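Everything on this sheet refers to the single structure shown next.
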Protein chains: 2
Amino acid sequence: MSDTITPGTRAATIRDVAALAGVSIGTASKALNGRGKLRPETRERVAAAARQLGFQPNTLARGLLRGRTFTVGLVTSDSFGRFSIPVMLGAEDALGAGQISVFMCDTRDDPIRERHQVQTLLARRVDGILVTGRRTEPRPSIGTDLPVPVVYAMTQSADPNDFSVIPDDIGGGELAVRHLLATGRTRIGHITGPQRFLAARQRADGMAKVLDDAGLQAAGGAAFFGEWSEEWGRQGADILLRTQPDVDAIFCGADQIARGVAETLRERGRRIPDDVAVIGFDNWEAMALGSRPPLTTVDMNLHKVGRVAADHLLAAIGGQPIGGGVEEVECELVLRESTGPISQPLTPDPND
Amino acid sequence: MSDTITPGTRAATIRDVAALAGVSIGTASKALNGRGKLRPETRERVAAAARQLGFQPNTLARGLLRGRTFTVGLVTSDSFGRFSIPVMLGAEDALGAGQISVFMCDTRDDPIRERHQVQTLLARRVDGILVTGRRTEPRPSIGTDLPVPVVYAMTQSADPNDFSVIPDDIGGGELAVRHLLATGRTRIGHITGPQRFLAARQRADGMAKVLDDAGLQAAGGAAFFGEWSEEWGRQGADILLRTQPDVDAIFCGADQIARGVAETLRERGRRIPDDVAVIGFDNWEAMALGSRPPLTTVDMNLHKVGRVAADHLLAAIGGQPIGGGVEEVECELVLRESTGPISQPLTPDPND
DNA sequence: GCCAGACAGGAATAGGTTTTCCTTAATCGC
DNA sequence: GCGATTAAGGAAAACCTATTCCTGTCTGGC
């Protein structure tokens with residue numbers, strides 16, 4: 001309409017491009033999207049105009065038209081903490097490949113806020129929603145009959161009709177303890193987080209299962225549940241050493257705990273790993289590498305958890321129905337020095 | 001057009017609401033937005049219809065029309081790490097109040113990827129862009145003549161026409177050392193990160209300034225630059241203790257370093273804080289609280305950095321022009337036991 | 001020379017909302 | 001009782017793009 005355009009660069013529309021190239025809007029659209037029958041020369045003229053104007057097609061208009069926005073919402077209740085971030089990055093990897101942008105929402109653990117954010121996402125017509133969080137107990141579903149698919153990652157919906165991707169904590173516990181057994185330990189204690197955390201119980205279950213198969217029992221009779229803190233690691237190790245002085249390995253439910261355990265062991269004169277092996281959980285590098293010696297630990301593959309969840313969401317968006325259920329992603333053992341000498345690290349044998 | 005609607009709940013449009021309420025589309029819009037002249041009875045009828053259908057106005061259409069999307073892009077090069085997350089949450093606080101949603105983009109430190117993401121954001125017609133990063137190091141501008149305002153937070157644009165919000169690292173260094181002087185320390189060493197980091201140099205500058213004013217000098221003559229790691233903290237403390245055995249305080253450029261320093265001090269038989277006071281930087285709670293004793297440290301107020309940056313961005317979106325420049329947010333000292341007994345913590349004196 | 005078909009590009013529509021302008025009916029003032 | 005004003009709500013344009021359908025022109029075949 002008016003020729004007086006604000007000094008600040010104003011985003012060009014396809015109308016501007018068409019005018020500059022001397023064609024109609026429809027033709028410009030076809031030229032830019034490689035559709036229709038056009039002379040190569042015309043296509044090039046439109047492309048040049050678009051380049052000159054720095055044209056970027058307005059995604060809103062496109063979304064309105066096609067009924068797909070190529071966006072998803074990411075709702076987290078972990079304040080984007082240590083756990084949800086790798087998940088998020090994994091998801092972004094999977095989604096970014098499909099040109100999908102991510103709206104992030106932090107619920108601050110407030111259900112009201114969460115409901116509101118889901119409403120907002122729906123108003124923005126996201127194509128799907130990813131819910132992530134800190135893994136405690138299964139959480140209430142964010143909505144049973146939403147118009148878009150939903151996938152839970154690193155947290156689990158209480159509604160069996162929802163689909164969740166979580167780490168295999170039982171398997172992680174098994175992995176850790178199998179490694180300890182394989183390196184000759186038999187008097188193995190377990191110091192871990194609060195019992196109300198499903199993850200803590202499952203890791204302990206995994207441990208119990210492997211010990212049981214080997215005809216053994218946990219040192220101290222059962223897992224020591226406490227907190228996810230170094231301080232508890234120190235206390236727990238203290239108790240364990242007093243009641244089970246002959247313990248030769250400690251499996252910890254978190255790297256923070258392992259770190260506290262390691263400190264107490266050293267102060268009590270136990271050498272790691274010679275006298276007592278220590279193994280952590282999470283592979284939180286700042287903790288695991290800062291510890292002395294560096295911690296062998298179980299990595300939950302959170303990046304993969306995020307990627308798998310996003311892949312499922314993409315499939316669902318693409319129309320492939322997802323039933324309810326849970327998919328577990330395997331954990332991985334990361335070997336460092338707290339459980340024994342590293343046998344020939346990654347460098348290949350020069351004689352080979 | 002067709003009456004055969006897919007079984008899956010389909011988002012209701014204002015047309016459905018209008019039909020159900022028996023009014024025209026325009027009237028429905030006015031009723032829902034409190035505009036125009038309508039009978040209260042009609043308004044209520046429309047509202048009821050909207051409630052019944054779970055109507056959420058399509059934000060795409062609205063954005064298309066009004067030229068504002070109520071979204072901003074958040075571009076980070078920190079992989080949403082320890083520093084950018086508090087910034088992000090602060091920003092979300094400020095933006096959420098204005099009903100603004102956030103697109104998150106992680107550049108993975110790849111300039112190509114970054115350019116691409118900025119293009120995508122512009123195509124999505126965000127109202128503004130927030131750029132955040134790991135450290136305050138000046139970085140290349142994301143674009144000099146973008147059609148939307150840009151604010152940098154916790155990172156700094158090399159272009160003086162851009163606006164950046166960063167923590168006041170010099171002030172943080174001053175704060176730390178002034179506290180040490182106030183508690184009677186005079187032989188103060190400084191162990192910190194790599195010299196190529198502006199933040200490291202500025203913290204050292206703040207320290208030097210305060211010492212200078214007091215007629216003192218750093219123990220060891222100057223700051224010990226190294227790495228942001230516990231290992232370097234241990235090494236650095238070792239060196240410092242050998243060359244300056246009478247040191248009575250160590251200011252560390254990061255909590256990780258402080259933690260390593262504290263460990264070495266204890267192993268060399270120095271009591272903290274009685275013989276040597278230790279002070280960290282970052283207030284990374286997992287580190288600061290796990291250390292023994294818990295670390296006094298400098299908190300960069302990252303949440304506030306994010307909030308302030310977002311406030312500026314909002315103002316700019318609202319039309320208020322921002323010039324280039326840098327705004328610094330004050331640091332804050334968090335007192336814990338590594339610099340002396342906590343004098344009557346937060347609980348008020350019962351005799352008062 | 002005329003018709004069929006290909007070729008190049010234009011016109012129009014849809015998508016959902018907001019806003020401006022209009023229409024209709026009712027009320028007021030004299 | 002009649003013109004003028006107000007109340008209540010409808011019709012249509014605008015935002016920007018992709019697509020479908022349509023028009024006009026040119027070429028080739030007979």
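Everything numeric here is computed off the predicted structure, so don't read it as measured data. Only heavy atoms go into these numbers, but all of them, side chains included; no hydrogens, no water, no symmetry mates.
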When you measure from the side-chain N and O atoms of B:Arg39 to the phosphate of D:dA7, is any distance below 4.0 Å, counting only OP1 and OP2? no
Taking only N and O in the side chain of B:Lys37, is any of them less than 4.0 Å away from OP1 or OP2 of D:dA7?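 So the side-chain polar atoms of B:Lys37 do come within 4.0 Å of the phosphate oxygens OP1 or OP2 of D:dA7, strictly under.
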Send over the distance from [X] [atom1] to [N] [atom2], rounded to a whole Å.
X        : N      : atom1 : atom2 : answer
A:Leu65  : D:dC15 : CG    : C1'   : 13 Å
B:Asn33  : C:dT18 : CG    : P     : 5 Å
B:Arg43  : D:dA7  : CZ    : P     : 13 Å
B:Arg66  : D:dC15 : CZ    : C1'   : 12 Å
A:Arg35  : C:dA8  : CZ    : P     : 18 Å
A:Arg62  : C:dG16 : CZ    : P     : 18 Å
A:Arg125 : C:dG15 : CZ    : P     : 14 Å
B:Leu53  : C:dG16 : CG    : P     : 14 Å

Looking at every strand, decide which applies to [X] at a 4.0 Å heavy-atom threshold: base, sugar-phosphate, or nothing.
X       : value
B:Ile25 : base
B:Thr42 : sugar-phosphate
A:Leu38 : sugar-phosphate

Heavy atoms, side chains only, cut-off 4.5 Å: are [X] and [Y] in contact?
X        : Y        : answer
B:Val75  : B:Thr132 : no
B:Arg124 : B:Thr71  : no
B:Glu327 : B:Phe163 : yes

Choosing from [options], which nucleotide comes nearest the side chain of [X]?
X       : options               : result
A:Val23 : D:dA8, C:dG10, C:dC7  : C:dG10
A:Ser29 : D:dC16, D:dA8, D:dT19 : D:dT19
A:Lys30 : C:dG10, C:dG9, D:dG10 : C:dG10
A:Thr27 : C:dG9, C:dT18, D:dA18 : C:dG9

Strictly by modelled atom types, are B:Asp159 and B:Ser141 linked by a side-chain donor-acceptor pair under 3.5 Å? no
Check B:Glu92 with B:Arg307, please: is the shortest side-chain N to carboxylate O separation under 4.0 Å?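 B:Glu92 and B:Arg307: not salt-bridged.
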Per nearest nucleotide of DNA chain D, the residue lying toward the 5' end, A:Leu64 or B:Gly22, is B:Gly22
